[in-house]
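What follows is one structure encoded as structure tokens, with my remarks underneath.
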Amino acid sequence: MANEAKPCPCDIGHRLEYGGMGREVQVEHIRAYITRPPADAGRAVIVVQDIFGWELPNTRYMADLIAGNGYTTIVPDFFVGKEPWSPSGDMSIFPEWLKSRDARKVDKEVDAVLRYLKQQCGAQRIGIVGFCWGGIVVHHVMTKYPEVKAGVSVYGIVKDSEDVYDLKNPTLFIFAENDFVIPLEQVSLLTQRLKEHCKVEYQVKTFTGQTHGFVHRKKEDCQPADKPYIDEARRNLVEWLHKYV
């Protein structure tokens, strides 16, 4: 999943000091963070965590940002109570840690969240957004769940197999030019395969000069030169949801 020199696919970057606008709820067998929009229009978005877990303030900040644009947002604990990765963790055990947190074995959790959004929140149209590990979840969901109307996969690892190109609904893929985890060759291959096989709308966008984690783990003012790219990526994410959810 990453190169040998640095097996952890992403470092914590800039952890936001952020309390959140939503609340925690129980969704069947998992915990989740949920935020309601200013005006409910029957639209919802599942926001999927990175390896640092559902409680990371940065991910909740992104969920609240999306909620402010008119969506009920929910950040479920897709690790189902298992510990998230720690920035101070022993890198040598990361591959073993990851085996018990397979981003393509989340259907039970996805089903529970979909039921909750429809039955408890009145959601009529649902989308999904995910970061890093969560980007892989998005890619999986968009090949399996036609009821999820749109997906945004943000620097999710690309698995080259036939089934990953059969997207059921429009999907936006956001990548960083200088991502040591996802070489540009993988991005080019994804683009080529989607062009050959995909029958729905999609977009693959790579942001110049950016690194893994730039969309959700950098403070707004951490690097002035990066801010336009962060803003553009977040704007593209919301615009994609507005267009298809």
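All values below were derived from every heavy atom in this structure, side-chain atoms included, with hydrogens, water molecules and symmetry-related copies excluded.
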Which heavy atom of [X] sits nearest a heavy atom of [Y], and at what distance?
X      : Y      : result
Lys149 : Tyr244 : CB-O, 3.6 Å
His212 : Cys132 : NE2-SG, 3.3 Å
Pro38  : Ala67  : CD-O, 3.5 Å
Thr72  : Leu117 : CG2-CD2, 4.3 Å
Thr35  : Gly22  : OG1-CA, 3.4 Å
Asp77  : Ile30  : O-CG2, 3.7 Å

Do the side chains of [X] and [Y] get close enough for a salt bridge, i.e. N-O under 4.0 angstrom?
X      : Y      : result
Glu55  : Arg31  : no
Lys227 : Asp231 : yes
Arg101 : Glu83  : no
Glu96  : Lys99  : yes

Taking atom NZ of Lys195 as the centre, report whether more than 12 heavy atoms of other residues, nucleotides or ligands fall under 6.0 Å from it. no
Counting only heavy atoms not in Glu201 (residues, nucleotides, ligands), do more than 12 fall under 6.0 Å from its CD? no
Contact between Tyr145 and Ile126 at the side-chain level, heavy atoms closer than 4.5 Å - yes or no? no
Side-chain heavy atoms nearer than 4.5 Å, only ILVMFWY residues, links allowed to pass through others: does that put Val164 and Leu184 together? no
Do you reckon Val25 sits in the same ILVMFWY cluster as Val80, going by side-chain contacts under 4.5 Å, direct or chained? yes
For residues 21-40, pull every pair meeting ring pair (Phe, Tyr, Trp, His ring centres under 6.0 Å), keeping only residues two or more places apart or in separate chains. none
Is there a donor-acceptor contact under 3.5 Å linking the side chains of Thr143 and Asp166? no
Is it true that Tyr165 and His139 share a donor-acceptor pair across their side chains at a distance under 3.5 Å? no
Give the C-alpha distance, both sets of side-chain angles, the deciding distance and a yes or no for ring pair (Phe, Tyr, Trp, His ring centres under 6.0 Å) between His216 and Phe52. CA-CA 12 Å; His216 80 301; Phe52 300 110; 8.7 Å; no
Relative to each other, are the rings of Phe94 and Trp85 parallel, tilted or perpendicular (30° and 60° limits)? perpendicular
Show, in sequence, the C-alpha distance, side-chain angles and deciding distance for Tyr155 and Trp133, and conclude whether the ring pair (Phe, Tyr, Trp, His ring centres under 6.0 Å) test is met. CA-CA 8 Å; Tyr155 28 79; Trp133 185 91; over 10 Å; no
Taken in chain and number order and not counting sequence neighbours, the residues that satisfy side chain to side chain donor-acceptor pair (under 3.5 Å) with Asn178 are none
Before giving the answer on side chain to side chain contact (heavy atoms under 4.5 Å, CB included), spell out for Gln120 and Arg115 the whole-Å C-alpha distance, their side-chain angles and the decisive distance to 0.1 Å. CA-CA 8 Å; Gln120 303 298 321; Arg115 280 192 294 269; over 6 Å; no
Under the 6.0 Å and 45° cation-pi test, does Arg235 pair with Trp240? no
Between Phe207 and Phe214, does the ring centroid distance fall short of 6.0 Å? yes
I would like to know whether Gln186 and Phe175 meet side chain to side chain contact (heavy atoms under 4.5 Å, CB included); could you show each step before the answer? CA-CA 10 Å; Gln186 286 189 18; Phe175 294 103; over 6 Å; no
